[in-house]
Amino acid sequence: MENQTYRREEGLVLKALGGFYYIRDREGRVWECRARGRLRKDEIRPVVGDRVTLEPAGKEDKPVGTLVEVLPRRNSLIRPPVANLDRLALVVSCRDPAPNLLILDQLTAIAAHRRIPVTLIFTKPDLADPEPYTGIYRSAGFQVFEVNNLTGQGTEEVRRALARGVTAFCGNSGAGKSSLLNALFPQLALATGEISCKLGRGRHTTRHVELFATGEGGWIADTPGFSAVDFLQFERMPARELEDCFPEFEPYLGRCRYTGCSHTAERGCAVLEAVEEGKIVSSRHQSYCAIYQQLKNVKEWELDP
């Protein structure tokens, strides 16, 4: 008896929900698939943004099948679980709620460690002056935008910057992330939530990660909001690698008096001197020190492979 051969399709995981994966193939069809058992055995977990292969099952007019292989990733995040990003867009409100700079710096450090470019989008400029915040991140080398969701000011610049490639949108709860996405790409019609005065943050209107077409050749992922970040749940790395996750440190690395400088309190540290001279924003260095203290207690065997 001849071995049966199966036709395979290559596609993009748009959504993972309830054990099913929804995969768009090159012709634009969306397949509903279960993952092959071998993937679970090998502890391979497909995520949104993965390029995968699938084997069709059933009738030709019913796009269902089995996800059989996850193709090599360019990058990925643990939380939110998404892969092959061209950028991470962080949506930050200037007020109600006010920015939490430590959380922002944790997220930018995670993205840097994962080799994912970051764009910061500050909202609600009508409630507070964004300059104290935008200045911090522009000086650190990030792409920064200001958007007013009420008037639409700034949305066109953001749309042009993010129209192509795969962008994951992440934002502090109540920052107006879904409202911004609706302004940028009205065809999405994403659910929006009201601010909870009692909690001081928005209700979590996004429950899972999903890719949506921009209509201009790109994809965006709307991800759940956050009100806190436990760095070690998102990322584990040797403490010595953290210096590479703060791009504004780069001109001063290798210029410290002592080899293996942690850049936290040592005499003759070039990074600390740059902070004192105002060349590195002090809030960024404070975040670096806080994250470093967490990482230095992590054992080698606890690190991500």
Side-chain angles (χ1 to χ4, degrees), residues 12 14-15 48-49 77 80 82 84-101 103-105 107-108 111 116-196 201-227:
L12 172 69
L14 301 182
K15 179 170 65 174
V48 169
L77 290 173
V82 61
N84 299 316
L85 293 177
D86 291 286
R87 67 190 66 83
L88 177 66
L90 299 179
V91 183
V92 190
S93 56
C94 296
R95 185 174 172 184
D96 295 341
N100 184 316
L101 299 185
I103 290 178
L104 282 182
D105 296 338
L107 292 170
T108 60
I116 301 171
V118 170
T119 295
L120 291 107
I121 305 168
F122 287 87
T123 64
K124 304 184 183 180
D126 52 309
L127 299 182
D129 181 8
E131 178 56 33
Y133 307 114
T134 58
I136 291 173
Y137 294 96
R138 285 195 176 104
S139 68
F142 294 101
Q143 184 180 49
V144 177
F145 294 97
E146 300 171 21
V147 171
N148 189 323
N149 287 339
L150 298 178
T151 66
Q153 182 179 358
T155 55
E156 186 57 36
E157 292 87 342
V158 175
R159 183 185 294 110
R160 287 197 298 265
L162 308 184
R164 297 190 177 276
V166 179
T167 304
F169 274 76
C170 194
N172 57 307
S173 303
K177 176 169 54 68
S178 294
S179 296
L180 172 62
L181 285 170
N182 283 332
L184 293 171
F185 308 105
Q187 70 272 23
L188 300 180
L190 297 172
T192 58
E194 299 174 353
I195 292 293
S196 168
R201 55 186 171 85
R203 296 191 181 99
H204 293 257
T205 52
T206 308
R207 299 297 181 181
H208 61 273
V209 182
E210 182 173 354
L211 287 185
F212 299 92
T214 65
E216 301 180 47
W219 298 91
I220 61 172
D222 185 19
T223 68
F226 59 82
S227 56

| message | What's the separation between atom CZ in F169 and atom CG in L181, rounded to the nearest 0.5 Å? | response | 4.5 Å

| query | Is the backbone N or O of G49 less than 3.5 Å from a side-chain atom of N84, with the two atoms forming a donor-acceptor pair by type? | reply | yes

| task | Supply the atom-to-atom distance K177 NZ to N182 CG, rounded to the nearest 0.5 angstrom. | result | 10.5 Å

| remark: Output for pair (T167 OG1, I116 CD1), nearest 0.5 Å, gives 11.0 Å

| note | Nearest heavy-atom contact between A183 and T155 is CB-CG2, 4.2 Å

| request: List in chain and number order the residues that pass side-chain hydrogen bond (donor to acceptor under 3.5 Å, both in side chains) with T119, two or more places apart in sequence or in another chain; answer none if no residue qualifies. | output: Q143

| field | Minimal non-hydrogen separation, T214 against L162, with atom names | value | CG2-O, 4.5 Å

| request: Could you tell me whether R95 atom CZ has more than 12 heavy atoms of other residues or ligands within 6.0 Å of it? | output: no

| query | Nearest heavy-atom pair of K124 and S93: which atoms, and what distance? | reply | CD-CB, 3.9 Å

| query | Rounded to the nearest 0.5 Å, what separation is found between the CG atom of D105 and the OG1 atom of T108? | reply | 5.0 Å

| request: Measure the CD-OG1 distance between E146 and T134 for me, rounded to the nearest 0.5 Å. | output: 5.0 Å

| field | Residues which pass salt bridge (Lys or Arg N to Asp or Glu O under 4.0 Å) with R159, listed by chain and number, not counting sequence neighbours | value | E156

| query | Which distance, rounded to the nearest 0.5 Å, do you find between the CD1 of I136 and the CG of L101? | reply | 5.0 Å

| query | Where is the tightest heavy-atom contact between L88 and A168, given as atom of each residue plus distance? | reply | CD1-O, 3.5 Å

| task | Write down the atom of E131, the atom of R138, and the distance for their closest heavy-atom approach. | result | OE1-NH1, 4.3 Å

| request: Kindly determine whether Y133 and L104 satisfy side chain to side chain contact (heavy atoms under 4.5 Å, CB included), including the steps that lead there. | output: CA-CA 11 Å; Y133 307 114; L104 282 182; over 6 Å; no

| Where is the tightest heavy-atom contact between L211 and L12, given as atom of each residue plus distance? | CD1-CD2, 3.8 Å

